[in-house]
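I have placed the structure first, in the form of structure tokens, so that the comments after it can refer back to it.
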Amino acid sequence: MRIVDARVIVTCPGRNFVTLKLVTEDGVTGVGDATLNGRELAVASYLSEHVVPLLIGRDAARIEDTWQYLYKGAYWRRGPVTMSAIAAVDTALWDIKGKVAGLPVYQLLGGRSREGVTVYGHASADTVDGVLARAADFVRQGYRAVRVQTGVPGLSDVYGVHAGPGVYEPAGAAVPTEAVWSTERYLDHVPAVFARVREEFGPHLKLLHDVHHRLTPIEAARLGKSLEPYALTWMEDPAPAELQEGFRLIRRHTTTPIAVGEVFNSIWDCQRLVSEQLVDYVRATVVHAGGITHLRRIFDFAALYHVRSGSHGATDLSPVCLAAALHLDISIPNFGLQEYMPHAEVTDEVFPHTYRFAEGYLHPSEEPGLGVDIDEELAARYPYKPAALPVNRLEDGTLHSW
Ligand code: EZ4
Ligand code: CO
């Protein structure tokens with residue numbers, strides 16, 4: 001079953017997405033997400049210039065061989081652009097295999113390991129009262145897990161805080177906006193927020209918090225210790241993870257669980273974090289970590305060390321990525337949590353899908369393949385708009401991690 005066409009579709013229904021659509025000689029189609037927030041056209045060009053010509057005429061049934069061909073065959077390994085491009089091909093091939101077999105992809109991955117995929121919602125507001133109200137909304141909708149982010153007194157623009165109604169979207173102006181950060185103000189504020197939230201919701205609601213790479217390991221250790229009374233499910237990206245052994249310092253001081261990985265693109269990004277049990281959850285995604293094939297390899301490796309999945313699921317990952325993530329989430333033995341932010345209505349129109357939310361769980365599609373598609377005609381009505389992620393500086397102007 002040869003691949004006869006491969007289309008790279010760039011569209012902006014509410015935000016930018018890059019999608020690969022493969023077509024076989026029998027007319028079976030498969031889709032893969034290739035969106036890399038703020039760097040979309042780099043992946044689109046990598047696909048169009050370097051990958052599409054290699055796909056035409058290849059056997060669509062050979063998923064693993066195609067993965068190895070694109071990874072080893074490029075000579076240049078890893079990196080978010082390359083791995084997102086490989087991911088898109090891999091995801092589309094799994095979609096095709098499911099359609100050919102007449103089975104949802106999770107059945108090809110071994111079938112169900114659970115009844116539903118537990119997701120967490122984002123409760124964010126400038127004030128603690130605001131966040132309590134948002135979290136109560138999620139609880140009313142049946143969510144069992146909530147990520148809590150608030151404003152910090154003295155800082156005007158803090159990561160993860162929803163500015164107004166509508167979908168949270170950090171990417172905006174073509175040239176990055178700049179925010180000011182103070183670790184001192186942040187560390188002083190956060191424990192009191194969680195004291196209020198835990199008091200309000202009792203011990204059973206799973207609470208999470210995203211530090212977004214802003215602390216050093218010893219600062220993160222202090223935060224983790226100060227949050228221990230509130231029994232978080234995880235603190236996310238407490239420090240940048242390029243220095244994997246740096247997490248030993250955090251681990252030595254706190255039992256607050258740690259989740260890392262939304263910027264990972266390969267198993268090598270977490271090899272030491274996992275094998276030394278320095279983290280509890282790996283948050284890598286289908287789109288940025290080499291597709292279903294490679295992400296499953298990461299999660300299988302993690303399972304050996306009691307590390308669970310916690311896949312990133314922000315709205316800059318398209319419904320194609322979310323659909324694929326759910327097939328993995330439902331099938332792997334070491335699933336932890338899945339992040340979920342509903343997409344804008346216009347995004348859902350461009351990417352029709354049959355996964356669904358009910359009572360705090362997402363359920364993967366039961367259709368053959370991934371159960372998601374892209375409406376190419378509608379997509380063409382939303383041309384690409386340059387949009388960059390913000391930049392973060394300390395109060396003295398020093399560039400800091402955003
Ligand atoms: O900043 O997806 O946990 N979620 C996050 C996200 C990321 C964006 C970057 O594109 O940290 O909001
Ligand atoms: Co995050």
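Just so you know, ligand 1 is whichever comes first in the structure, and atom 1 is the first atom listed for that ligand. As a basis for the values below, the full set of heavy atoms in this structure was taken, side chains included, without hydrogen atoms, waters or symmetry mates.
- Below 4.0 Å from some heavy atom of Ala314 lie the following atoms of ligand 1, by number and element: 2 (O).
- Close approach of ligand 1 to Asp210 is summarised as follows: ligand atoms under 4.0 Å from at least one heavy atom of the residue are 3 (O), 4 (N), 5 (C), 11 (O).
- Residue pairs that meet the side chain to side chain donor-acceptor pair (under 3.5 Å) test with at least one member in residues 302-317, sequence neighbours left out, are Tyr281-Arg308.
- A salt bridge links Glu395 and Arg185; the closest N-O separation between the charged side-chain nitrogens and carboxylate oxygens is under 4.0 Å.
- Ion pairing between a basic and an acidic side chain is recognised when a charged N comes within 4.0 Å of a carboxylate O; Lys385 and Glu40 show no such pairing.
- Relative to the six-membered ring of Tyr120, Arg144 misses at least one condition, a distance below 6.0 Å or an angle of at most 45° to the axis.
- Scanning all protein heavy atoms for the shortest distance to atom 5 (C) of ligand 1 gives Tyr159 OH, 2.8 Å.
- Taking the centre of each ring, Phe351 and His353 stay at or above the 6.0 Å mark.
- Below 4.0 Å from some heavy atom of Glu339 lie the following atoms of ligand 1, by number and element: 3 (O), 4 (N).
- A cation-pi arrangement is present between Arg214 and Trp181 under the rule of less than 6.0 angstrom and at most 45 degrees off the ring axis.
- The nearest heavy-atom contact from the protein to atom 10 (O) of ligand 1 is Asn37 ND2, 2.9 Å.
- In this structure, a donor-acceptor pair under 3.5 Å is present between the side chains of Thr293 and Trp94.
- Note: an N/O pair closer than 3.5 Å links Arg147 and ligand 1 by distance alone.
- Proximity to Arg283 (heavy-atom distance under 4.0 Å) selects the following atoms of ligand 1: 3 (O).
- Under a 4.0 Å criterion applied to the non-hydrogen atoms of Trp402, ligand 1 contributes the atoms 1 (O).
- In terms of polar-atom proximity, His122 is not counted as a contact of ligand 1, lacking any N or O under 3.5 Å from an N or O of the ligand.
- Note on the Co ion (ligand 2): protein N/O/S atoms under 2.8 Å are Asp210 OD2, Glu236 OE2, Glu262 OE1.
- For residues 369-397, no pair satisfies ring-ring contact (aromatic ring centres under 6.0 Å, His included), with sequence neighbours left out.
- Neither the backbone nor the side chain of Tyr120 comes within contact range of ligand 1; no heavy atom lies under 4.0 Å.
- A salt bridge links Arg147 with Asp210: the distance from a Lys NZ or Arg NE/NH1/NH2 to an Asp or Glu carboxylate oxygen falls below 4.0 Å.
- Between Phe17 and Thr347 there is a side-chain heavy-atom pair separated by less than 4.5 Å.
- The protein heavy atom nearest to atom 2 (O) of ligand 1 is Asp316 OD1, 2.7 Å.
- Distance from atom 3 (O) of ligand 1 to its nearest protein heavy atom, with residue and atom name: Glu236 OE2, 2.8 Å.
- Scanning the protein for heavy atoms near atom 7 (C) of ligand 1, the closest one is Glu262 OE2, 3.3 Å.
- Applying the side chain to side chain donor-acceptor pair (under 3.5 Å) test to every pair with at least one member in residues 123-136, sequence neighbours left out, gives these pairs: Asp129-Arg196, Arg134-Asp137.
- Classification of the Tyr159-Trp402 ring pair by plane angle, with boundaries at 30° and 60°, yields perpendicular.
- Each of Asp33, Val320, Asn265 was checked for a side chain to side chain contact (heavy atoms under 4.5 Å, CB included) with Val287, and the lone residue meeting it is Asp33.
- Counting only heavy atoms of the protein, atom 1 (O) of ligand 1 lies nearest to His212 NE2, 2.8 Å.
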